[in-house]
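Residue numbers start from 1 in every chain, and the chains themselves are labelled A, B, ... in the order their sequence lines are given, proteins ahead of strands. Everything quoted here is computed from the prediction, not taken from an experiment.
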Amino acid sequence: MLSQLTRAVHRCTPLLPVIGLVFAFAARAQFPPGFDPNGYCVGDADGNASVTVDELVTAVDNALGGCGFVPVTLDFRAMVGPEAFACGNIYRDIGTSSVDVIPSDFRLYLHHVRLVTSDGVEVRLQLNQDGMWQHRDLALLDFEDRTPPCNQGNSPRNTSVRGMAPPGDYRGVRFVLGVPFALNHENAAIAPSPLNLTSMFWSWQAGYKFLRFDEALDQVRVHVGSTGCEYDGGNEIARCARPNRGEIHLTDFDPATDTIIADLAALFADSDLEVNHPDTPPGCMSDPGDSDCGPLLQNLGVNFANGLPDPSRQRFFRVEHPE
Amino acid sequence: VTPTPEVARSRSRRRCVCAEASLVAIGLLTLVAGGVASAIEYEWDLPRGFPPPRVPEDNPMTIEKIVLGRLLFYDTRLSGNQTQACASCHRQEQAFTDGLDRAVGSTGEVHPRSSMTLTNVAYGPTLAWANPLLRDLETQALVPMFGEEPVELGLAGREGELLDRLAAHRRYQRLFVEAFPQDADPFTIANIVRAIGSFVRTLISGNTSYDRFVFGTGTLSSSAINGGRLFFSERLECFHCHGGFNFTGSIVFEGQRFDEILFENTGLYNLDGAGAYPIPNRGLFEITRKPEDMGRFKPPTLRNIELTAPYMHDGSIATLEDVLDHYAAGGRTIHQDPFAGVGSENPYKSIFVVGFRLSEQERADVIDFLKSLTDLEFVSNPAFSDPFEPVTCPGDCDDSGSVTVEELVRGIQMALGGSPLALCLSFDPNADGEVDVVELVGGVRAALDGCA
């Protein structure tokens, strides 16, 4: 009877938590119905092996009130050092040789966004499914607006990630820079927004560009994506030798007031843009043989040596507090 | 999303005269399918000895898609600056290559590699010279369209412009709906590559003097016959990588249990003595970064090889004779920088590239054999030709040089909207997507007076 009631409660619960539960069950279904993926009795919030009337009342409240999730917006801003990013602006003193850079594109995908509580617990941010910028747990940040020379882009920009999370005392945020493996190798020709932008296609590598930065005079290009991908025996990409997804950990961050800065000057801070690795395109196209990629990927939270995440040395993203 | 039942009717391309009964049948089938309009299933007309190609489940072959794909393949609207089409680098008279050592894209950027022939490309388990990730034509088409390294058709970020440009064209308005009748808006990137893939999949070539000889309907010169013996001998070893009905070891077809995917290093370069090929033409290595994949490229079909010079992935060998000399030497030695090196000593070289000696006559024999793989019907087949050429004979649907009564009936049915325009574009010389009275009269005149 209890399990029936639990099921009924679940039926009434708004969509997002249900999806979360379904995913959780799909991933780790080693317990029978009535238990959650961690082996706890569903509805037994205090873990004393019984479901009390109070706990049931809470569950019914959650069913009616959407679990009390609150909207959370993560604001991002593209900067080049102290200056705001804009297509076509001339930014001086970029990189170790202080060159001038004129941006002509700047977009990136991120996913698996987590808020971090003051206790250090990660809480998943459930992204709003807006049919445009956000799909499943993926979001596209688009800092260009098609102002020349950003001719490959489109006029709308997107500088925030919007979702729902339980109310909490959040002090940090974590996310992965890139497209998740499960979405990266699907058929791009029929993919939903924001995976249907052809300038983010990376078809010869069977995936997407996770981040693209282009420069008007083509002194530097940064196209990050997974490389060395290969099929299993059948028709699915099974693995990529270098995933090149950056893990980003930001602390001292209050989602209500703070902004996440994506700073191109920081991205290039350790690069000499006057020198290019021989026989490679200017900048970095994620070629493991292109030494220019080393400092760039490191600053994006990726270990260039193996393409695996390394949050410890990224400096592209930082937190800005209100003045 | 509920999958729509595919209501496919089997009809031969040439016999497709839409009689009243057929129209009634279409109507009934449409009702059965719940209002989904059906398309005309394409029936393969394969050369003897050829298995059916594998077709992606989500893109069954229909006449409407093939006709649309042919237009798109030849349409310069398909490049960012509207200067190039697929056909710019894949010209029918050169067996769908371009005669260049390395292709040149719509913005003038030179591609590192040579345009590949599209001869029998439907049987490729992987596409392009050395990309194990491109497994079907629909996916492959995204690379020339939207690729930026290098820019080919230059459409990255311009998908909206492209779709608007096509949707503004009246003939496309009709043909996209005919090809994708179940779609509310058929103008999508997915449908463009489905149509192009469908057309390119029909580029089948197997009508050569070699084939006629094998099946006892023609003869070969004694020189070509002897060349064939040499080709298939353990002395030359050619057939290991260029065997089978398509003269390539890289092959897939319907019903095959295991795709045969092949990439080989033929000792063209050895820059550092350790096997290096020039960047960015290092073959499979460019994708996998595995040392053993250095210089490994897909062995292309040898059908129509006479027409596809210059040769190799980078067009670095001008003639068939020179190709043969390269293999006879067991690899190429280059004395001058920047590519100096002894290719025959490349550590990753195929075990079958061992070298051989040929007399002058034997060398000529092998060349004669290779030339017996040329299919002249393929390079002149009107079904594969540029559909934007002016219509010389209105109503001559099958390019036979005359207009029959059956063709006139088809024209009338198209004019009335009861038959797809895709069945006969030559009834629409002004390309407005409609068959009007003037165009019908043009067909009648051609039927009475003969084609000009």
Review point. Could you walk me through whether B:E149 and A:Q205 pass the side-chain contact (heavy atoms from CB on, under 4.5 Å) check?
Key: CA-CA 11 Å; B:E149 306 143 34; A:Q205 297 274 17; over 6 Å; no
Point to revise | Intermediate values then yes/no, side-chain contact (heavy atoms from CB on, under 4.5 Å), B:M145 and A:F201 | key: CA-CA 11 Å; B:M145 289 173 74; A:F201 285 11; over 6 Å; no
**Study point:** side-chain contact (heavy atoms from CB on, under 4.5 Å) between A:W204 and B:N131, intermediate numbers included
**Key:** CA-CA 7 Å; A:W204 72 284; B:N131 194 327; 3.9 Å; yes
Exercise for review: Would you mind reporting whether B:E148 and A:Q152 have side-chain heavy atoms less than 4.5 Å apart?
Suggested key: yes
**Study point:** Contact check, side chains of A:N196 and B:E159, non-hydrogen atoms, under 4.5 Å
**Key:** no
Practice item. Heavy atoms only, distances under 4.5 angstrom: which of A:G289, A:P288, A:A191, A:G153 has the most pairs with chain B? Name it, please. Key: A:P288
Exercise for review: Indicate the atoms forming the closest heavy-atom contact of B:G157 with A:T198, along with that distance.
Suggested key: N-OG1, 2.8 Å
Contact origin within [X] toward chain B - heavy atom pairs under 4.5 Å:
X      : value
A:R107 : neither
A:M285 : side chain
A:H223 : side chain

Check your understanding: For chain A, which of B:I279, B:T288, B:T188 has the most heavy-atom pairs under 4.5 Å?
Key -> B:I279
Exercise for review: Go through A:I190 and B:R194 one step at a time and tell me if the side-chain contact (heavy atoms from CB on, under 4.5 Å) criterion holds.
Suggested key: CA-CA 11 Å; A:I190 56 170; B:R194 285 177 183 134; 3.5 Å; yes
